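Working notes, structure below.
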Amino acid sequence: MLIHTKKPDPLLPARLAFYGGQIVPKKYVETAGQAALNIKPVGTGPIRFVSWTKDDKAVFEANADYWGGRVDFDRLIMRPIPEMAPRIASLLKGEVDMITQLPPDHAERVNGNPSTKVVGALYAGLYVLAVNSKVPPLDNPLVKQALSLGIDREAIVKELWRGRGIVPNGPIAKGDNHYDASLPPLAYNPKEARERLKKAGYKGEEVLIETTSGYTANDKPMSEAIAAMWKDVGLNAKVEIVEYSVRAQKNRDKSFKGLWWSDPTSTLGDPDGMMWRLLAPGGPQDYWRNAKFDELGEAARFSIDEKFRAQAYKEMTKVFLEHLPWLVVIQPYEDYGLQKYVEWTPNPNQQFEVRRFNFKMRRA
Amino acid sequence: MRGFLPFLGHRLFRAFIALWLVSTVVFVVMRLSGDPVPLLLPPDAPRSEIFRVRAELGLDRPLPVQYGVFLANLARGDFGRSIHFREPAFNVVRDYLAATLELGLTAFVLAALAAVPIGLFSAMRRNTAVDHAAMGLALIGQSAPTFFLGILFILLLSLKADLFPTSGRGDWRHLVLPALTLGAFTMASIARLTRSAVLEVLGADYIRTARAKGVSETWVVAKHTLKNAAIPIVTITGLQFGTLLGGAVVTETVFSWPGIGRLAIQSIYNRDYPVVQCTVFLAALMFIVINFCIDLIYGFLDPRIRSG
Amino acid sequence: MASSIPASVPAEAARPAARAKSRARRRRLPWLVVAGLGFVGLLTVVALAAPLIAPQDPTRQSLRGRLGAPTVHGTDGRAHLLGTDHLGRDVLSRVIYGSQVSLLVGFAAVVVGGVLGSAAGILAGFSRGRMDAVIMTLADAQLAFPFILLAIGIIAVLGPSFPTLVVVIGLSGWVAYARILRAQTLALRSREFVEAVHGLGGSTTRIVLRHVLPNVLSSLVVIATLELARAIVLEATLSFLGLGIQPPTPSWGGMVQEGREYLDSAWWISTSPGLVLMATSIVVSRTGDWLRDLLDPTLRGE
């Protein structure tokens, strides 16, 4: 199969292996339509769709004819349990084999239980406070630098996340292409923060974090912790809790009043899919523009020269760290709770790999 | 019976108007809460897609037109299609209603069955430790905030004592704590009511007469208590059932019970107008119908109301 | 209208006996009522003096000391008699400050509801016919409506803020006042002295102020007390659902919600504010009950 592209695309293989490359039956989609495909999907994978009862469960069964070999289970049942306490309880009671979204505060319980264990993968992305750089005082890079210097990331990682995370060093996640290990972790320096505020001429304008409660892991506690840290360096910091629907609205209307939580990730493990896709002109988080940043991002997107791309992203990181369209906070581990007889390694990009080489149920 | 029919007609009319008012308020408030379409589409969906979906849902027409359509449909019993679930709103509500009815009925049956003997017992053992303890608990049940009562039950009976599951719906064990929480107020009210009814009866003349005649005291007490307390107890239970949705909202949230209370809250956040409208309408209808029946019963039992 | 909850057998039967009893009680103020009123007073003092009484700043975080059990010597060297919450804040201080929110919103809502309801009741009583029917149907509609959903809907629209909260909670209770005022106004309307007052040049306002209100004052006090308990609980419930006072301002309902996740480990986070809330609700409503027995037993059938 030969694919012709209009411009060079360094990520074409990656795209085909992920969201852009799924194969579906042509006749089915043409006759039944997109909506039908969503409700009764047909693909080429190792499991076959059986049924879906809304708000209750989705059932899949093993595809015996899969070219990569049969999976190590007969049926896969997915049940949504949105509240954390019942979800953990169902694992501890043995009602389910595996749960997702295990908050760090409760990982101890799962590890302490004789029949369960915790496995985690470093999230292939970052938790950041995205900034509406059009609104004063956030239009001043010195203020944003002060905000960044005022966050005690180590304390957040150690206490709120119980060590399940790392302090990032820039806008590229560890594990992604062109991650620069030579950069130091983002600094915490309250004295320097106060200096920058003075230099910026900060006069006590309100700095607002609009956060959901529980939509992004630890969003509310982190918001409150960070607001308190900012108050300590002299900022007029406030937190406002908004419903997810309100956040979605603001996201679309680009009407955030200050800062909000975002967990950018590139499904392709590349800064093009993360930093550039979101912050590019016309992108979903287009609140700030910089000529050099834009020029480099555009060039790197269409170049297949990895050396050139590495250099471009290095430069873009420099611009980023000066202007801070995001306040990068943490790169957390995403933890899962498993019964001890499940042998499975999580994928940093949240793909659930169930094929035999990654998922086995150990029988006694 | 002459004044009864106009009385009935008058009440029916007021009920009808009330129902209409309720529906209109929901319509207005929901429309004010914002556009549900952005919640259905991915964040970077193009404007054209948003317009298309909005038109598909009939949300692009002027508000008075939408209201007219809403009322016309309501008269036919058509509550529209759920924006979130993409199926008739009534079907969605109906699916969740079973869970709430299960919870509500259990709560009230438990409440009535437990409370009457407790009230009776307390009155017979008036001013003893048992009486004080029972009435103390009743006081707590009547005044305590429902949500905290639920949390306390979870903490003490589920987490510490491991007697019941913490949440969700399943076998009978899952039903106990939520039913206790939902029925606490009713249970407490009925217990106190029964107690004072029994006390009234105990102090009355016909008891002395019965004692003198040698008739079994318990039987007299029971008979007269029933007569006195029946109406208030029926009223309370009826009212509580009528306001089931209000109480269920909190209880279902605390216990993650998949009923219409929780559905309503989620639908408000999802701006799923049809589901919210349907839920509120049905809840109000239930309340009004039950109240109406209670008024009817009152009318038959108490001749004074009939003529007024 | 038979749409309220009687607390005992029909008032009709109880009236003569109850009046006699209450006359007897009026002579000596029972200690229980005094205790109840005293509790409310104490709570008010605590709320007002919170900055002086609370051992620490309720918003002071200490990430290293989070989820700490009640102790006299915590990780930061201070005493935390009710432990610390998930951000290391002192629970006792937050409970004390939480009383400010509960009482402020509670009292304000009672005033709003009372003023609105009384005005509506007087209006209904005086105008008869159309206006009366309208107001009473509004009352019907409100009672039929699961009010908590309306509250959630309105707050979802307007956003949670102190004034919104006060108005919404106040609106939830106007009907009780309206009924009393309407009944009293109606009762007076049919008396000759209304015409007499008008004849002597007195205005309607005068009638309201000098004849309607004084008669209902005791009933209003009873209703207001019961409503205060209900308002405090409603505020806590809304805060528990995330629709009340916003962080980091401590509110009892909000604290119970924050602690829910840690019920099996750091149970003090939810239980402390919850128990205080429960005690407040019980004492205030009990006080209302006693006041009702004392001042106007006829309210029992209302």
Side-chain angles (χ1 to χ4, degrees), chain B residues 14-15 17-22 25-26 29-30 32-34 139-140 142-149 151-152 154-155 159 166 189 192-193 196-197 200 228-229 231-232 235-236 239 242-243 245-246 249-250 253-254 261 264-265 268-269 276 279-280 283-285 287-288 291 294-295 298 305, chain C residues 1-10 12-14 17 133-134 136-150 152-154 156-158 229-230 232-234 236-237 240-241 252-253 256-257 259-260 263-264 267 270-271 273-275 277-278 280-286 289:
Chain B
R14 266 171 65 175
I17 299 285
L19 210 50
W20 167 76
L21 263 174
V22 167
V25 167
V26 178
V29 171
M30 284 313 295
L32 286 176
S33 74
L139 188 58
I140 294 180
Q142 254 193 335
S143 329
T146 310
F147 74 90
F148 186 63
L149 217 52
I151 299 256
L152 263 186
I154 292 178
L155 177 62
L159 291 171
T166 46
S189 309
R192 290 175 89 191
L193 217 125
S196 41
E200 288 260 347
N228 272 345
I231 296 179
T235 313
I236 286 191
L239 284 171
T243 55
L245 181 57
V249 164
V250 175
T253 303
V254 172
I265 292 189
I268 291 177
Y269 290 144
V276 179
T279 314
V280 173
L285 185 63
F287 179 87
I288 287 176
N291 253 292
I294 292 180
D295 281 346
Y298 263 40
I305 298 187
Chain C
M1 222 186 105
S3 47
S4 48
I5 302 170
S8 77
V9 294
E12 305 288 309
V134 165
M136 283 299 104
T137 314
L138 270 177
D140 284 355
Q142 166 136 348
L143 290 175
F145 203 110
F147 193 80
I148 191 130
L149 287 183
L150 183 61
I152 293 175
I154 292 181
V157 172
L158 297 174
R230 204 186 55 84
I232 290 178
V233 169
L234 186 53
T237 307
F240 176 78
L241 294 173
W252 291 338
V256 174
Q257 200 279 329
R260 209 176 143 194
L263 218 46
D264 60 331
W267 50 267
S270 281
T271 1
L275 288 175
L277 172 66
M278 205 159 81
T280 307
S281 171
I282 291 174
V283 170
V284 175
S285 24
R286 195 69 179 119
D289 283 345

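Throughout, protein chains are lettered first and strands after them, A, B, ... in sequence-line order, and every chain is numbered starting at 1. This one's a predicted model, so the numbers in the text were calculated from it and none came from an experiment.
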For chain B, find which of C:V284, C:V283, C:L275 contributes the most heavy-atom pairs closer than 4.5 angstrom. C:L275

Heavy-atom proximity to chain C below 4.5 Å, by part of B:V22: both

Using non-hydrogen atoms only, which part of C:T271 is less than 4.5 Å away from chain B: side chain, backbone, both, or neither? both

Given heavy-atom pairs under 4.5 angstrom as the criterion, report whether the side chain, backbone, both or neither of B:L285 touches chain C. neither

Region of B:L32 in contact with chain C, defined by heavy-atom distances below 4.5 Å: both

Distance col, row B:I17:CD1 vs C:L138:CG, nearest 0.5 angstrom, shows 10.5 Å

Side chain, backbone, both or neither: which part of B:V25 has a heavy atom under 4.5 Å from chain C? side chain

Heavy-atom closest pair, residues C:T137 and B:A18: CG2-N, 4.1 Å

Engaged part of B:V249 at the chain C interface, taking heavy atoms whose separation is under 4.5 Å: side chain

Could you check B:I268 against C:L149 for side-chain contact (heavy atoms from CB on, under 4.5 Å), going step by step and ending with a plain yes or no? CA-CA 9 Å; B:I268 291 177; C:L149 287 183; 4.2 Å; yes

Who pairs with C:S285 by side-chain hydrogen bond (donor to acceptor under 3.5 Å, both in side chains), at least two apart in sequence or on another chain? B:S143

With a 4.5 angstrom heavy-atom cut-off, which part of C:L150 approaches chain B: side chain, backbone, both or neither? side chain

Portion of C:A229 that has a non-hydrogen atom of chain B nearer than 4.5 angstrom: neither

Measuring heavy-atom distances to chain C, does B:L159 have an atom under 4.5 Å in its side chain, in its backbone, in both, or in neither? side chain

Contacting region of B:I140 [heavy-atom separation from chain C under 4.5 Å]: both

Kindly compute the distance separating CG (B:L152) from CG (C:L263), expressed to the nearest 0.5 Å. 8.5 Å

CD1 of B:I265 to CD1 of C:I152: how many Å apart, nearest 0.5 Å? 4.0 Å

I need the C:D264 CG to B:L155 CG distance, nearest 0.5 Å. 9.0 Å

To the nearest 0.5 Å, atom OG1 of B:T253 lies from atom CZ of C:F240 at 7.5 Å

Could you work out, with side-chain hydrogen bond (donor to acceptor under 3.5 Å, both in side chains) as the rule, every residue matching C:S281, not counting sequence neighbours? none

Pick from C:V233, C:T280, C:T237, C:I148 with the largest number of heavy-atom pairs that fall under 4.5 Å of chain B: C:T237

Taking every heavy atom of C:L277 against every heavy atom of B:P145, the minimum-distance pair comes out as CD2-CG, 3.5 Å

Which bit of C:L241 is near chain B, if near means a heavy-atom gap under 4.5 Å: side chain, backbone, both or neither? both

CD/C:Q142 to CG/B:L21 distance, rounded to the nearest 0.5 angstrom? 11.0 Å

Which heavy atom of B:I151 sits nearest a heavy atom of C:R260, and at what distance? CD1-CG, 3.6 Å

